[in-house]
Structures are given as C-alpha cells and as structure tokens.
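The basis for the numbers below is simple: all heavy atoms, side chains too, and nothing from hydrogens, waters or symmetry mates.
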Amino acid sequence: MDTKIGSLDNCKPASNDVCSPVNGTVSTIQGSVSPAVVNCSEATLGRHLARRLVQIGVNDVFSVPGDFNLTLLDHLIAEPGLNLIGCCNELNAGYAADGYARSRGVGACVVTFTVGGLSVLNAIAGAYSESLPLICIVGGPNSNDYGTNRILHHTVGLPDFSQELRCFQTVTCYQAVVNNLEDAHDMIDTAISTALKESKPVYISIGCNLAAIPHPTFAREPVPFVLSPKLSNKMGLEAAVEAAAEFLNKAVKPVLVGGPKLRVAKACEAFVELVDAGGYAVAVMPSGKGLVPEHHPHFIGTYWGAVSTAFCAEIVESADAYLFAGPIYNDYSSVGYSLLLKKEKAIIVQPDRVIIGNGPAFGCVLMKDFLRELAKRLKHNNTAFENYHRIFVPEGQPLKAAPKEPLRVNVLFQHIQKMLSGETAVIAETGDSWFNCQKLKLPSGCGYEFQMQYGSIGWSVGATLGYAQAVPEKRVIACIGDGSFQVTAQDVSTMLRCGQKTIIFLINNGGYTIEVEIHDGPYNVIKNWNYTALVDAIHNGEGKCWTTKVFCEEELIEAIETATGAKKDCLCFIEVIVHKDDTSKELLEWG
C-alpha cells in the first residue's frame, strides 16, 4: 500500500512507514480536487521548498545565516508552519537536524556556500553513518556566475564552484545543484523524496538569486508525496522464512538480538512480534539501545561482548542459534572484533537481505516482512530465557557514600535512573556516558539516542537541541563530558532562546576520559572551565535557566529535586565534579 507523506502524524517514526520504491520513482496523488493555485508573486522556489519541508513533517529548520542564503531564509520564515532556528555555528545546526530526525523522522538545516557547507559537513557525515534522512540546504552562488570564470568570496579562490559539491558527494545519497528555475521543482522534489526513501542525507544547493523569483512550475500548492514502498520478493520471502524457521525450531536454546538497523528498516514493531511469538530471550546490541523495549518480560540486557550487561553475553554466546536483526559489527560494537559468535549458528537479517548460517542467502527480502512472517512459524521456546532466569543475580548497589564524600559516577547514574519515565529521553555523549547510559533501564516510552557509529565528540549538544525541539512534551536528560562540551557548548544559547527545559548533567572529570583509557598522554588533559559560570553568562538574564555545581551525593539529590520541582520549566545545567579516574568498569575493559 502506498504511504502518504503529508501530515505530521505520518512523519513521526512510530507511523512513518516509508520504504524505497522498487523502480526508484515517486508518484503523486491523483485526486478529483486540484491543488490550490498560488498567488503569482508567491509562486517562488523558496516558498515551494518551505511548503515541502512542512509536508514531510519538518516544522523546525536549523540555520546559520550567510549572504548566499539570506533571501531563501526570508521565504522559510514566511511559511506559517515553519520555525527557523538560528544556531551559533553550522556544525551544531547539523547536529541539531540529526537529533530532530531521530525523533521526528526527518530533519533539515540551512547554511551558506562553502564556509557554511564545509563546516556542517562533519554533522552530515554522522547522519549518513546513522542512516538518518536529513535535508542539507545551502545557499549557492548566483546562477549568473556559473561559467564566467569569476572568483567568488567564501571559496578557496578558484573559479570552480564544485568543491563543496564534491565534498558532499561521499556523505549524501543525492545532490541537487539548482542554478536555473526550469528544473528546480523536479530537482528539489527528487532530493527530498530520495532522502525519505533511502533514509540518508541529501544536499540541495540553491542559487542565491533564485529563491524569490516566481516561476510557473510553482504556481500551485505542492502535491504531497506518495512514495511507492519497496516490496519483498514473495518467493524469496517464503524461502527465507521456511529456512529460518527450520533453523530456529530445531535449536535447543535460541536467542534474538536487536541491532541499530531496526530503525532504518522500520521493523521495531515486527521484531517485538517475533519476540512475543517465540518466547526467546531477547537482547540488544549497544548501538540499538532504545529500539527494543527494555520493559519486555524476556529482555536480558545489552549484548556487547566482554562489556555486556550482567549474564547477557553468557546466554547469547552459549546459544545454539541466534538471530541478529539489523546488526552492525564494527570495532566499537564488537569490542575489537572479540565477540564469541559462530557464523554457522547465526541468522543475520539486514534491511533487505537474510543470511542463514554459512548459507543460503536471500536478497530482496524486507526485514519487516521477514520478521512478521517468521513469527507465524516459530515454535515457542523459552529455554534460553529460563537459563538466564536461573543464573541471574541482581546487580549490587554502589557503596553507600559517607556524608559529604566526593561524588562517584556510579552514584550519579543511580540517581539518573530514578529520573527516567515515559516522559523523558536520554541523550548520551560519546565517551564514558556511552557505558554508563547503557546500564540505564529504560521504562516504556523513554527515548534514548547516542551516536555510536560515527562517535563525534560534541555531537550531543546540538543533538539535544534538535531532539528537544522535535518532542517538546518530553524532558530530555543529556549526559555530557567536559571535553565534549567544550567542542560545541555555544548552542546552550539556542536551547534558551527556544525555551527548552532540558536537564544537562555536565560530568567534569578534567579531560578526555575515554581516550585516557585507550591511550593516555598529556593531550588528554584539558583546561578546566567554570562551566556553570559559562552557562550563566550565556543565559545573561534572558530565558529560563538554572545552574548548580555538585560535589557530593547530598548536593546531587538536592539539585535533582530542584530541577524536577521548582525549576521544572527551566533549562537546568548541573555540573557534576568527579575524580579524573572515576570511570565505569566497562570503559576500563573496553579501552
């Protein structure tokens, strides 16, 4: 069935069920009512782009103004359904669009030519690695400058305007350079629809003189997209399901493990159906945390090799069959490729391919279809879960702190755990927060995001801005290390401008702790800042902000009570002072 991309409801991850079409084409709605005619003076490229963004569910665009994009920004501001959010720099604008896309299903940012484009490039690469649909819009050169041999400012001083385009070609799935109005409509629509179909970023460069010029192709309201979904090969699907059912049904203690590609395959619900049908023990890969419901009665934790949650690795690695849905086996997620797994015991399900043991493999089989059909064929087998239940010993509590004892990280996260609910979301920065947040038990409805594949330090500040803007009904709890915060701290300012009520735990341990555990050296020590004073200076009496610095558990408890009570409508910044060597045991092992 075709899926309409036209309302906010259809664009949220829970129901945005858009797949790539088999033939790569995009059809439009054919109805008895023609789309409304636009006033001639408003039939512009800029207005069309703004309307398209609203149609696909983008209500906030993150931007940095520059002389090449100013006219385009005027048209985006003029769109009633669109809120233009000015960021402090392009990198954070890209990270914010990344965070927004994780919650809303698609995000967008607007920057200026080359100096802005190359600055946002790192964030776009991260979104590409995480398979997030993101529309990166750049205000490009005047269309009359192409082919003139002129040298423009904001370039490297050559009469070649393609440097930025070439950089984006490796980190986007489609590039559109719009330098004339005749094919602008088609190029913009193709770029946006490709981002949705491929779940990857796209690049759109728009000549700075074109955004405000009326053109007949924009004379009517844009018709909402209908993206023809990919379909599984029915014979391949049946063969794959039959082979997988036989493989799993003869196993004594099979298990299921969810991976990060469940998101791009839009197969989270289908995976839960499979878990319910089989009765198997179910784990999640670290990069898939938040995609598998941790309140499910058969959930056994995070499978991360030597740094798995307690008793999870023992159950997974001792299984005689395991199905991995959407895994990514990189050096991080495999703890240096040390997972004790055997290929002949594994079923690997990728978004459009199934591999069983050492063979056979089945292509053109969608993960969602495969999991749902397999659920109908599985025999109930809870042996692995019963084994887990028998050996499981509840984790101990951190040692009780003495009065006014310096705060320990494990005590901090014990209190963060108590803050979680279906009305919160956790953003974990690259670093030791990866490991500490992995141990948090997420209640039903609690969001969770981190950037494990790309692992760019500083990502969380912009991502927190974007995620909180996309779901204002949730209170975001961001766990950020001091080293990462120094990279992107400025956009706490934008959070305040937007009236966000995020709680930021700034974990101050004096350096790049994750890198200390990998390979120590003097370069891992950073200049200490007065972080609360910095945020107070950014606040400058405008907006709602509350900051505090905590040194012990008593002060932490008081700070959390204030942040969730009297200051619940404020952005709360809690600087947590901990010892430089206070890390999770998982980081020590992993490093």
Identify the heavy atoms of [X] and [Y] that sit nearest to each other, and give their distance.
X      : Y      : value
Ala211 : His75  : O-NE2, 3.7 Å
Tyr95  : Ser456 : OH-OG, 2.7 Å
Tyr448 : Cys437 : OH-CB, 3.2 Å
Ile56  : Val106 : O-CG1, 3.5 Å
Glu164 : Thr112 : OE2-O, 4.0 Å

Please check if any side-chain donor atom of [X] sits under 3.5 Å from a side-chain acceptor atom of [Y], or the reverse.
X      : Y      : value
Tyr454 : Asn122 : yes
Lys549 : Asn508 : no
Asp482 : Ser484 : no
Ser493 : Gln490 : no
Asn83  : Asn59  : no
Gln500 : Gln469 : yes

Run Thr302 and Lys289 through side-chain hydrogen bond (donor to acceptor under 3.5 Å, both in side chains) and show every step you take. CA-CA 8 Å; Thr302 299; Lys289 187 175 176 69; 4.8 Å; no
Evaluate the criterion side chain to side chain contact (heavy atoms under 4.5 Å, CB included) for residue pair Ile507 and Ser433; output intermediate values, then yes/no. CA-CA 9 Å; Ile507 303 168; Ser433 289; 3.8 Å; yes
So [Y] and [X], do their side chains get closer than 4.5 Å, heavy atoms only?
X      : Y      : answer
Leu412 : Leu556 : yes
Ser460 : Phe450 : no
Ile137 : Ile135 : yes
Trp459 : Thr488 : no
Val411 : Val409 : no
Leu132 : Arg263 : yes
Val426 : Glu449 : no
Val138 : Ile204 : no

Stepwise ring-ring contact (aromatic ring centres under 6.0 Å, His included) test for Phe573 and Phe485: CA-CA 12 Å; Phe573 185 89; Phe485 187 73; 5.5 Å; yes
Decide, yes or no, whether a salt bridge links [X] with [Y] under the criterion of side-chain N to carboxylate O below 4.0 Å.
X      : Y      : result
Glu423 : Arg475 : no
Lys441 : Glu294 : no
Arg408 : Glu553 : no

Pair Tyr203 and Tyr174, ring centroids less than 6.0 Å apart: no
Step through it carefully: locate the ring centre of Phe68, locate the ring centre of His153, and say whether they are under 6.0 Å apart.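 Aromatic pair counts; centres sit under 6.0 Å.
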Could you go step by step and tell me if Arg51 and Glu79 meet the salt bridge (charged side-chain N to carboxylate O under 4.0 Å, His left out) rule? CA-CA 7 Å; Arg51 291 296 301 142; Glu79 169 53 47; 3.0 Å; yes
Criterion ring-ring contact (aromatic ring centres under 6.0 Å, His included) on Phe62 and Tyr100, from CA distance to verdict: CA-CA 10 Å; Phe62 303 92; Tyr100 194 91; 5.7 Å; yes
Determine which pairs satisfy salt bridge (Lys or Arg N to Asp or Glu O under 4.0 Å) with at least one residue from residues 107-124, sequence neighbours left out, and list them in order. none
Using side-chain contact (heavy atoms from CB on, under 4.5 Å) as the criterion, point out the one residue from Val476, Ile504, Val461 that pairs with Ile427. Val476
Taking NZ in Lys567 as the centre, count heavy atoms belonging to other residues, nucleotides or ligands within less than 6.0 Å. Is the count above 12?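 No, NZ of Lys567 has 12 or fewer neighbouring heavy atoms, counting only those of other groups under 6.0 Å.
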Over 12 foreign heavy atoms within 6.0 Å of CD, Gln417: yes
Donor-acceptor contact below 3.5 Å, side chain Asn540 vs main chain Ala537: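 Judged by distance alone, no pair lies under 3.5 Å.
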Test side-chain hydrogen bond (donor to acceptor under 3.5 Å, both in side chains) applied to Gln486 and Tyr531, step by step: CA-CA 9 Å; Gln486 288 194 7; Tyr531 294 97; 2.9 Å; yes
